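The chains referred to below are lettered A, B, ... by the order of the sequence lines, with proteins before strands, and numbering in each begins at 1. Only a predicted model underlies this, so the values are computations on that prediction, with no experimental measurement involved.
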2 protein chains.
Amino acid sequence: MRTEPVGYYMLKLTKKADYGLMALKYLAEHPETPAQSAKDIADAYGIPAQLLAKILQRLTKTGLLRSHAGMNGGYALSRDARKISAFEVIHAIDGPLFITSCTKGAKGCDLTPSCTIKEPLARVNETIIGVLKSISIYDLADQESGKAAVVGTTAVQRLVTLNL
Amino acid sequence: MRTEPVGYYMLKLTKKADYGLMALKYLAEHPETPAQSAKDIADAYGIPAQLLAKILQRLTKTGLLRSHAGMNGGYALSRDARKISAFEVIHAIDGPLFITSCTKGAKGCDLTPSCTIKEPLARVNETIIGVLKSISIYDLADQESGKAAVVGTTAVQRLVTLNL
DNA sequence: CAGTATACGACCAAATGGGTCCGGGATTCA
DNA sequence: TGAATCCCGGACCCATTTGGTCGTATACTG
Ligand code: FES
Ligand code: FES
């Protein structure tokens with residue numbers, strides 16, 4: 001649990017979701033081109049092409065992307081980058097998220113009745129989802145040189161003020 | 001990834017952290033007794049005793065609990081339940097949390113330089129941590145019959161209004 | 001038809017997580 | 001002094017989840 005490699009874990013989104021966000025951001029930053037192939041995007045970031053391909057396929061199936069086979073084909077955002085939230089991306093790739101190990105939706109865990117912690121934590125979960133929903137791909141893409149504070153009226157800005 | 005078992009995952013805290021929170025809540029609800037043994041708490045919730053033991057040991061090492069060996073020994077909160085945040089508990093058990101798969105603290109992942117997503121997500125992470133910090137063990141414990149709305153000025157209350 | 005790209009399922013290896021076992025040390029009480 | 005409790009902590013195990021590969025089928029372009 002703490003074998004002293006480094007130490008991070010917890011609340012982390014999967015690498016796949018990370019890759020997905022990176023790809024969407026990339027697409028948002030290249031609106032001029034009609035489509036970008038999976039390989040192009042993968043090469044741009046140095047991530048495994050085949051893996052990214054499957055991720056993009058999933059994003060296509062959920063309607064966030066539109067794909068086009070054949071030469072000069074590839075993927076393109078299905079709508080404005082401002083209208084795609086980080087939540088949608090993560091949800092599409094990693095599935096519905098819930099902060100407690102056991103969900104209440106279906107079967108839950110065996111000791112669900114005795115666990116009284118779950119309920120209040122659900123509220124935390126809602127908050128997190130709300131934050132993720134308030135961030136759009138556009139927000140991730142536009143800050144040019146990493147100067148995050150300049151953004152203006154985007155959700156990222158809202159986040160800072162919200163941060164207690 | 002979506003083999004259609006049910007679907008939850010993501011952003012979930014580990015069961016160990018869940019157990020830890022449950023135990024702390026339990027202790028907060030029994031202030032009269034000087035100490036509760038690991039086994040007692042484990043039995044109360046039906047969770048594996050040996051596992052909970054190790055969790056409590058860790059919480060002790062980080063200073064959230066005080067332990068006492070020997071007969072009628074056990075664990076007790078080291079300070080007021082109001083002064084112990086959910087964040088501290090989770091952090092103690094699961095280690096430092098970071099939303100991206102790769103931390104920036106130590107080595108990070110190999111493609112850290114090319115990944116531009118990480119930075120904005122770090123802000124989301126800060127927000128989440130803030131929320132977790134604003135919740136105390138006391139908040140988890142006191143709402144008697146699950147009527148969360150009654151709480152008053154606690155952090156849980158704040159959360160609801162905060163939730164956008 | 002040749003070439004490029006997506007679609008998708010099977011498969012695999014490593015990491016993580018939940019959980020157990022067991023041999024110590026304290027501490028209390030008879 | 002010892003027996004009964006109880007904490008401490010490392011070694012280990014197993015199931016699941018991840019990250020990642022491969023191969024093949026399909027679709028589109030020219
Ligand atoms: S809900 Fe399963 S342990 Fe809390
Ligand atoms: S930081 Fe490693 S992939 Fe984004």
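- At a cut-off of 3.5 angstrom, counting only N and O atoms as typed in the model, there is a donor on one side and an acceptor on the other between the side-chain of B:Lys54 and the base of C:dT20.
- At most 12 heavy atoms of other shown residues, nucleotides or ligands fall within 6.0 angstrom of atom CG in B:Asn72.
- Per the geometry, CG belonging to A:Leu59 stands 14 Å off C1' belonging to C:dA7, to the nearest Å.
- Distances from the side chain of A:Lys15 to the nucleotides D:dG20, C:dC8, C:dG18 place D:dG20 closest.
- If A:Met71 and A:Ala49 are placed on DNA chain D by their nearest nucleotide, the residue sitting closer to the 5' end is A:Ala49.
- Between the B:Asp43 side chain and the B:Asp40 main chain, no donor and acceptor come within less than 3.5 Å of each other.
- We find that CD1 of A:Ile55 is positioned 14 Å from P of C:dT6, with the value rounded to whole Å.
- For A:Ser37, whose side chain is taken as the heavy atoms from C-beta onward, the closest listed nucleotide among D:dC8, C:dA7, C:dA5 is C:dA5.
- Going from atom OH of A:Tyr75 over to atom P of D:dC28 covers 13 Å, rounded to whole Å.
- The base of D:dT5 lies outside donor-acceptor range of the side chain of B:Lys39, with no N or O pair under 3.5 Å.
- For the pair A:Tyr19 and D:dG19, the criterion of a side-chain N or O lying under 4.0 Å from OP1 or OP2 is not met.
- One distance of note links CG of A:Leu59 with CG of A:Leu65; it measures 5.0 Å at 0.5 Å rounding.
- Separation of atoms CD1 (A:Ile93) and CG (A:Leu21) is listed at 6.5 Å; rounding is to 0.5 Å.
- When rounded to the nearest whole Å, the span between CD of B:Gln50 and P of C:dG19 equals 12 Å.
- Of the candidates C:dT27, C:dG19, D:dA27, the closest approach to any side-chain atom of B:His68 belongs to C:dT27.
- For B:Gln36 and D:dC7, the CD to C1' distance is 15 Å, given to the nearest whole Å.
- Rounded to whole Å, atom C1' of D:dT5 lies 16 Å from atom CG of B:Leu56.
- Taking only side-chain nitrogens and oxygens, A:Ser67 comes nearer than 4.0 Å to OP1 or OP2 of C:dA7.
- In this structure, the CG atom of A:Leu51 is 15 Å from the C1' atom of C:dT6, given to the nearest Å.
- Atom CG of B:Leu52 and atom C1' of C:dG18 are 13 Å apart (whole Å).
- Inter-residue side-chain proximity for A:Leu64 and A:Leu77 is flagged as unmet; no heavy-atom pair is nearer than 4.5 Å.
- Residue whose closest nucleotide on DNA chain C sits further toward the 5' end, between B:Ala69 and A:Ala38: A:Ala38.
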